[in-house]
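For reference, the structure is listed below as C-alpha cells.
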Amino acid sequence: APSRACSALSILSVRRPLPVTNLPVKQAEQQRKCGRGLSGGWVYWAVSMAAAGGGTGALNKEEKYDRQLRLWGDHGQEALEAARVCLINASATGTEILKNLVLPGIGSFTIVDGRAVAGEDVGNNFFLTKNSIGKSRAQAATELLQELNSDVSGNFVEESVEQLLENDPTFFLGFSVVIATQLAESSLLHLSTVLWAADVPLLVCRTYGLVGYMRLAVKEHPVVESHPDNALEDLRLDKPFPHLSNHVHEYDLNSMDKKDHSHTPWIIVVAKYLERWCEEVRYGFPVDSQ
C-alpha cells in the first residue's frame, strides 16, 4: 500500500536535496505519493546508495557519515566500522534496531532466525515484503537491510538460537554485541550464561504492541573518550613561551577598528588582559571567574 511504502521511506530520510528525476521509477512514484516532490528537498538514504550509478556518483565517507563524524569523530567511526553485530530473530523490533546500526555503518551483521516469513510479519515489518512469505525470514531481512548501506556486510543463519546453543555455543563469541528480540526465557537464560562468561554484551528487547522493555547485560562498559561540554584547555598563559609573548605584543587592541578586532584570535585577547591583570593586581593570577 502507498501509506506503508511512504512510512518505510520516511524512516530512511535525511535532509539532502536530490531531484526526483534521479530516483528509480518506483521510488520516484512513491515519493510523489508521499507528497515529497521537489519542494520537499528530501533524499532517502537507501535510494541515494542505490543511485550511485544513476547520475549522483558514489558518496565518500566524509559526506556519507558527515553528521555522525561530527558527533564521535574518526576514532568513534572506526570503532563502529569494526563492530560485528548478531541479531537473534528478524522481528519488527529486531530489524528496526539493526536498521539504526546499518545506516551509520557498522562493520557487519548476522541474523539468526530459523523461522519462515508469515503474513503477520509482512504486516508489521518494513523489511519484509509480501513476496517474502514462505521464505527464510533471516535471508529476506538480510537482503533488504543490506540495501541501506553497501559498506556493511550482511550474513544470515537459518537456524534457531536453541539449535546453535546446543550444537555450537561458541558461535556467538565472535561478535561485538548480541541483540536478542522476542526470545523465550529458557533460551535467553542459556544464551546470557554463555555470553556473560565470555564478556560479550547482550541486549535483550521485547515488545508487546506499543509497550516494550530493553535490558543490557554486560559486566563493565567504561567510557574512556568523553566529550565534556565545558572543557577548559590549559593554555600555559601563566608562563608563555617567547614566540607567543612576541606574537601577543604585536597586537595593539587600542588602535584597532571593529573589523580588525573581529579577526583577532581570542587567545590574544585573553593573554593581553591577563598581562594587564598582573600589572594592576600585585598578588598574582585570578583564582576564579569573579
Side-chain angles (χ1 to χ4, degrees), residues 13-18 41-43 45 48-49 52 56-85 100-108 149-153 175-177 199-201 203 214 216-290:
S13 59
V14 292
R15 290 183 179 272
R16 291 194 182 182
L18 179 72
W42 292 83
V43 57
W45 189 311
S48 65
M49 303 291 179
T56 59
L59 298 174
N60 60 43
K61 183 179 294 187
E62 288 73 19
E63 293 176 340
K64 185 175 179 179
Y65 301 128
D66 175 69
R67 294 186 180 184
Q68 60 206 53
L69 284 172
R70 295 169 187 248
L71 179 63
W72 51 62
D74 292 332
H75 179 74
Q77 185 64 30
E78 290 173 1
L80 189 66
E81 292 174 0
R84 302 177 306 279
V85 178
N100 289 320
L101 296 174
V102 170
L103 288 178
I106 56 174
S108 63
N149 194 338
S150 59
D151 294 339
V152 179
S153 173
F175 295 101
S176 305
V177 61
D199 201 19
V200 176
L203 181 64
M214 178 177 66
L216 177 63
V218 61
K219 291 182 180 179
E220 184 178 18
H221 181 66
V223 177
V224 178
E225 295 188 12
S226 60
H227 300 276
D229 295 331
N230 300 310
L232 297 177
E233 304 292 343
D234 188 353
L235 302 174
R236 298 286 194 260
L237 291 182
D238 56 335
K239 297 179 181 179
F241 50 91
H243 289 292
L244 177 59
S245 297
N246 295 335
H247 184 67
V248 170
H249 292 152
E250 292 176 358
Y251 289 81
D252 185 0
L253 300 180
N254 295 326
S255 63
M256 289 182 178
D257 55 22
K258 291 184 178 180
K259 181 179 179 180
D260 291 333
H261 261 293
S262 65
H263 289 86
T264 301
W266 66 272
I267 186 64
I268 301 297
V269 178
V270 174
K272 283 280 189 182
Y273 276 89
L274 180 60
E275 186 177 283
R276 179 177 173 181
W277 170 280
C278 292
E279 292 176 354
E280 296 179 355
V281 180
R282 301 292 183 180
Y283 53 81
F285 295 100
V287 295
D288 54 39
S289 60
Q290 304 299 324

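We use all heavy atoms of the structure for the numbers below, so side chains are in, but hydrogens, waters and symmetry mates are not. Bear in mind the structure is a predicted one, so any value in this text is a computation, not a measurement.
- Shortest non-hydrogen contact noted between Leu69 and Asp74 is CD2-OD1, 3.6 Å.
- Shortest non-hydrogen contact noted between Ala82 and Ser176 is O-OG, 4.1 Å.
- The shortest side-chain heavy-atom distance between Asp199 and Glu220 does not fall under the 4.5 Å cut-off.
- Across all non-hydrogen atoms, the minimal contact from Phe175 to Val85 is CD2-C, 3.9 Å.
- Atom NZ of Lys219 has more than 12 neighbouring heavy atoms from other residues, nucleotides or ligands inside a 6.0 Å radius.
- Not one N or O on the side chain of Lys64 forms a donor-acceptor pair closer than 3.5 Å with the backbone of Gly105.
- For Ser108 against Val152, the heavy-atom pair with the smallest separation is CA-CG1, 4.2 Å.
- The number of heavy-atom neighbours closer than 6.0 Å to CE of Met256, taken from other residues, nucleotides and ligands shown, is above 12.
- Closest approach of Val102 and Asn149 over heavy atoms only: O-ND2, 3.0 Å.
- For the pair Glu63/Asp66, no side-chain contact is recorded, criterion being any heavy-atom separation below 4.5 Å from C-beta on.
- The two residues His247 and Ile268 make their nearest non-hydrogen contact at CD2-CD1, 3.6 Å.
- The distance from atom NE2 of His75 to atom CD of Glu78, rounded to the nearest 0.5 Å, is 7.5 Å.
- You'll find the side chain of Pro104 reaches within 4.5 Å of the side chain of Leu80, heavy atoms only.
- A donor-acceptor contact shorter than 3.5 Å links the side chain of His249 to the backbone of Ser245.
- Rounding to the nearest 0.5 angstrom, the gap separating the OH atom in Tyr251 from the NZ atom in Lys272 is 10.0 Å.
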